[in-house]
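What follows is a set of notes on a single structure, which appears directly below.
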Amino acid sequence: GRQFLCFPRVLSISEVARQMAGARQDAAVIDMGDQTFGIVTERDMLGLVASRQQDGEIGAVAVVPLRTVGTGRPLLEARRLLVESGFRHLGVVDEDNTLVGLLTMGDVLDVLQRDYMADLEADLQVFRQDLSLARQVIDSSTSAVMVVDSAGTIQSINPAFTRLTGFSAEESLGRTPDTLMSCDRAEPDFFASLVARTDQEGHWRGTVWCRRRDGTLRAWAMSVHAVHGDSLPVGRFAVVFHDATEAVQTHEALKEERDLIAAGPSVVFKWAPTEGWPVTYVSDNVERIFGYRPADLMAGRPPFSSLVHPGDLERIASELTCCMEEGTSSLEQHYRLRHANGDWRWIDDFTTISRNAAGEPVSLNGYVIDITQRRESEAALRGYSEKMRKLALHLPGMIYQYRQWPDGRSSLPYSSDGIRDIFGVSPEQVMEDASALFAAIHPDDRALVEGAVAVSMRDLTLWNVQYRINHPS
């Protein structure tokens, strides 16, 4: 996590606001005492300034407790906590549970700017009450801000606008974003129609693809608000945006991945590494493949362990326990799972074991594939092969399949046991290389046999040739 400001809970709200603005920090940690921490954000401070609540203690308005994540945890876990909690910040604690930093979604993705969208929306709401403070926040923000009139013409920009788009104030003022950034929208004068809609509805939010000064096409996560105030001209609109290209591409990739899983044969599971293996996540296609609703499985209706065939349960439990205790990272298991209709289905289970910094299992992540039809087909094929083998034992001579490569190499992928009597070799000896078979052909007849094979290959015709064998006996 990045460095952070930390204030005692008794410090005044106004002093915290002053120090946050001076340090250009969008959040601060509040020490509530007794190893408890809270957090206040730039948006919180702007709201307090707007409502004239600067004189109270900062501890009274801090959000407590601050959600935390360990330094050794995966970034994906931090991302999940941010998404599930709805918070924009997580505290980072070391092995001694000491707070050492703050983490944002922008830090997790490592390519996005910090998400000031909500903060800047709050800035704009209090803009008329404290224009000076809002101007300081806007100028220090990492999100781009531009003010446009009712025709969509740019009236002002902040420094982040230039950093993100590459366009200076001299190049931008007096022009519309459509013409400046070649926004990839089908309708002409998109921003003029956008501000007209915002004027009626009060706000607009979405993603707009525009080009930077260097010509690269980027996705801007954009929010537009009508700005009203006694000291402001009529028809002014604040446009706040940041570069969300990587986030959009990641979202699209994740959606494609989810769609692939939903349409495919693999069901993704996440289990808790505790008794009965409670299901904490399962992909939606579990209902199509095994007949259970995802919500029911995650609620333990029925428990996952009760779905495993009694004849397999002890074995797979022992295998899993052994892997968790030995520090193994993954395992593959084969067992029977009960379908919702009561049928037993054979599955392949591929599971990885996630561990914390201490090496303790924290989750079991894997996917299962229904292989019942494959096993039935394999069993049928084995039965057919055995039947053919027995039939071949009663046929005179031998049955075989011959294969030859362009370089002249040849093999008999299949040959019946009759090959032993005729050529004195076993089926295994010629399965990969038929040279032992040709070695048994009388030298004077070998060219005759090879020539007959060549003609059959060329003309795709049956061949019939008589030749002598030097049997090893």
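A distance-only check finds no donor-acceptor pair linking the side chain of Arg293 to the backbone of Leu297 [under 3.5 Å]. Remark: side-chain polar atoms of Gln200 are not paired, donor with acceptor, to backbone N or O of Arg197 under 3.5 angstrom. Put simply, the side chain of Asp149 gets close to the backbone of Gly152: a donor and an acceptor are under 3.5 Å apart. Checked by atom type and distance alone, the side chain of Thr162 pairs as donor or acceptor with a backbone atom of Phe167 at under 3.5 Å. Here the side chain of Thr372 pairs a donor or acceptor atom with the backbone of Trp346 at under 3.5 angstrom. Using a distance-only test at 3.5 Å, with no hydrogens or angles considered, no donor-acceptor pair links the side chain of Arg212 to the main chain of Thr216. Side-chain N or O atoms of Thr98 include none that pairs as donor or acceptor with a backbone N or O of Asp94 at under 3.5 Å. When atom types are taken as modelled, the side chain of Ser306 and the backbone of Pro303 share a donor-acceptor pair closer than 3.5 angstrom. Using a distance-only test at 3.5 Å, with no hydrogens or angles considered, no donor-acceptor pair links the side chain of Arg409 to the main chain of Arg403. Formation of a donor-acceptor pair under 3.5 Å by the Thr153 side chain with backbone atoms of Arg175 is not found in this model.
Side-chain contact between Ile13 and Met45 is present, with heavy atoms from C-beta onward closer than 4.5 Å. Annotation: side chain of Val195 is in contact with side chain of Val148 (closest heavy-atom distance under 4.5 Å). Residues Val239 and Val147 have side chains not in contact (no heavy-atom distance under 4.5 Å, counting atoms from C-beta outward). Using a 4.5 Å heavy-atom cutoff, the side chains of Leu5 and Val29 are not in contact. Between Arg288 and Val286 the shortest side-chain heavy-atom distance does not fall below 4.5 Å. Put simply, the side chain of Ser411 reaches to within 4.5 Å of the side chain of Trp405, judged on heavy atoms. The shortest side-chain heavy-atom distance between Val282 and Tyr292 does not fall under the 4.5 Å cut-off. Contact annotation: the side chain of Ser172 approaches that of Phe161 to within less than 4.5 Å [non-hydrogen atoms, C-beta and beyond].
No side-chain N or O of Asp26 forms a donor-acceptor pair with one of Thr41 less than 3.5 Å apart. Side-chain N/O atoms of Glu171 and Ser168 include a donor and acceptor closer than 3.5 Å. Side-chain contact check for Arg218 and Thr245: at least one donor-acceptor pair (N or O, by modelled atom type) lies under 3.5 Å. Residues Thr176 and Thr179 have side chains that bring a donor and an acceptor to within less than 3.5 angstrom of each other.
The stretch residues 22-78 participates, sequence neighbours left out, in no ring-ring contact (aromatic ring centres under 6.0 Å, His included) pair at all. Judged as a ring-ring contact (aromatic ring centres under 6.0 Å, His included), the pairs with a partner in residues 310-344 (not counting sequence neighbours) are, in order, His309-Trp344.
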Residues Arg73, Val362; criterion side chain to side chain contact (heavy atoms under 4.5 Å, CB included); working and verdict: CA-CA 11 Å; Arg73 303 308 302 148; Val362 294; 3.7 Å; yes
Test side chain to side chain donor-acceptor pair (under 3.5 Å) applied to Asn365 and Ser354, step by step: CA-CA 7 Å; Asn365 312 306; Ser354 295; 2.7 Å; yes
Working for side chain to side chain contact (heavy atoms under 4.5 Å, CB included), residues Leu90 and Thr68: CA-CA 5 Å; Leu90 286 177; Thr68 60; over 6 Å; no
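In this structure, the separation between CD1 on Ile347 and CG on Leu307 is 9.5 Å, given to the nearest 0.5 Å. Taking CZ of Phe7 as the start and CD1 of Ile58 as the end, the distance is 8.5 Å to the nearest 0.5 Å. Rounded to the nearest 0.5 Å, atoms CG (Asp312) and CG (Asp349) are 11.5 Å apart. Atoms CD1 and NE2, on Ile39 and His89 in that order, are 5.0 Å from each other to the nearest 0.5 Å. With rounding to the nearest 0.5 angstrom, the CD1 atom of Ile30 is 7.5 Å from the CG atom of Leu11. Ile353 contributes atom CD1, which lies 13.5 Å from atom CD of Glu360 (distance to the nearest 0.5 angstrom).
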Extract all donor-acceptor atom pairs below 3.5 Å that involve side chains of residues 270-277 and protein atoms in other chains or at least two apart in sequence.
none

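With a 6.0 Å radius and a threshold of 12 heavy atoms from other residues, nucleotides or ligands, Arg9 has its CZ atom at or below the threshold. The neighbour count for Gln401 CD, taken as heavy atoms of other residues, nucleotides or ligands under 6.0 Å away, is above 12. Counting non-hydrogen atoms of neighbouring residues, nucleotides and ligands closer than 6.0 angstrom, the CZ atom of Arg163 exceeds 12 such neighbours. For Gln155, the CD atom counts as densely surrounded, since its 6.0 Å shell holds more than 12 non-hydrogen atoms of other residues, nucleotides or ligands. Remark: Gln35 CD is loosely packed, at most 12 non-hydrogen atoms of other residues, nucleotides or ligands lying under 6.0 Å away. Residue Asp34 qualifies as open at atom CG: its count of foreign heavy atoms under 6.0 Å is 12 or below. Heavy-atom contacts from other residues, nucleotides or ligands closer than 6.0 Å to CD of Glu84 number more than 12.
Among Trp220, Trp204, Trp209, the single residue meeting the ring pair (Phe, Tyr, Trp, His ring centres under 6.0 Å) criterion with Phe241 is Trp220. A salt bridge (Lys or Arg N to Asp or Glu O under 4.0 Å) with Asp370 is found for exactly one of Arg375, Arg345, Arg338, namely Arg345.
Salt bridge Asp348/Arg374: present, at least one basic N to carboxylate O contact under 4.0 Å.
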